[in-house]
Amino acid sequence: MNTLKEVPGLGIARLDRGGLAYRLSEPLTIDEVAGLLRETWCRRLTVSDASADGRCPAEFRALCELDGEPFVLVGRIGEGS
């Protein structure tokens with residue numbers, strides 16, 4: 001399994017330590033996360049709220065498929081790059 005994945009419009013995602021999902025290094029804006037639903041390669045999107053104390057940022061998890069290969073894409077929601 002490749003440890004890097006080029007995600008269209010978002011850049012490079014790296015396979016996380018558990019080997020279960022690809023993680024973007026930079027946070028996405030809420031508009032960028034919402035835009036994932038319009039992408040043909042994004043199948044499902046789940047968003048979690050940030051914790052009230054600010055220790056855990058808001059995150060997203062997307063089930064995706066590129067070139068016939070399914071994968072999970074995760075990342076933080078914030079200011080973006």
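Fair warning: this is a prediction, and the values are worked out from it, not measured in the lab. For reference, positions follow the sequence shown, starting with 1.
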- Can you check whether F71 reaches L15 side chain to side chain, under 4.5 Å on heavy atoms? no
- Item | Under the salt bridge (charged side-chain N to carboxylate O under 4.0 Å, His left out) test, residues paired with R43 that sit two or more places apart | E65
- Task: Hey, could you give me the CG/CD1 distance between D31 and I77, rounded to the nearest 0.5 Å?
- Result: 11.0 Å
- Task: Report yes if some heavy atom in the side chain of L66 is under 4.5 Å from a heavy atom in the side chain of P8; otherwise report no.
- Result: yes
- Message: Less than 4.5 Å apart, side chain to side chain, heavy atoms only: is that true for L20 and V72?
- Response: no
- Item | Closest non-hydrogen atom pair between A13 and L73, with its separation | CB-CD1, 3.8 Å
- Would a hydrophobic clustering, with Ile, Leu, Val, Met, Phe, Trp and Tyr connected at side-chain separations under 4.5 Å, put V74 with L63? yes
- Which residues share a salt bridge (charged side-chain N to carboxylate O under 4.0 Å, His left out) with R61, sequence neighbours left out: none
- Query: Would L37 and I30 show up in the same hydrophobic cluster when neighbours are defined by side-chain heavy atoms closer than 4.5 Å?
  - Reply: yes
- Item | Spacing of T46 atom OG1 and E59 atom CD [to the nearest 0.5 Å] | 12.0 Å
- Are the side chains of L28 and F60 in touch, meaning some heavy atoms are under 4.5 Å apart? yes
- Note on the structure: Rounding to 0.5 Å, atoms CD1 (I12) and CG (L4) come to a distance of 6.0 Å
- Query: Which pairs pass salt bridge (Lys or Arg N to Asp or Glu O under 4.0 Å) with one or both residues in residues 44-55, sequence neighbours excluded?
  - Reply: D53-R55
- Task: Measure the spacing between NZ of K5 and CZ of R14 and express it to the nearest 0.5 Å.
- Result: 13.5 Å
- Query: Side chains of L36 and W41: does their closest heavy-atom pair fall under 4.5 Å?
  - Reply: yes
- Nearest heavy-atom approach of A62 to C42 is CB-SG, 4.0 Å
- Note on the structure: In this structure, CG of L24 is separated from CD of E32 (nearest 0.5 Å) by 9.5 Å
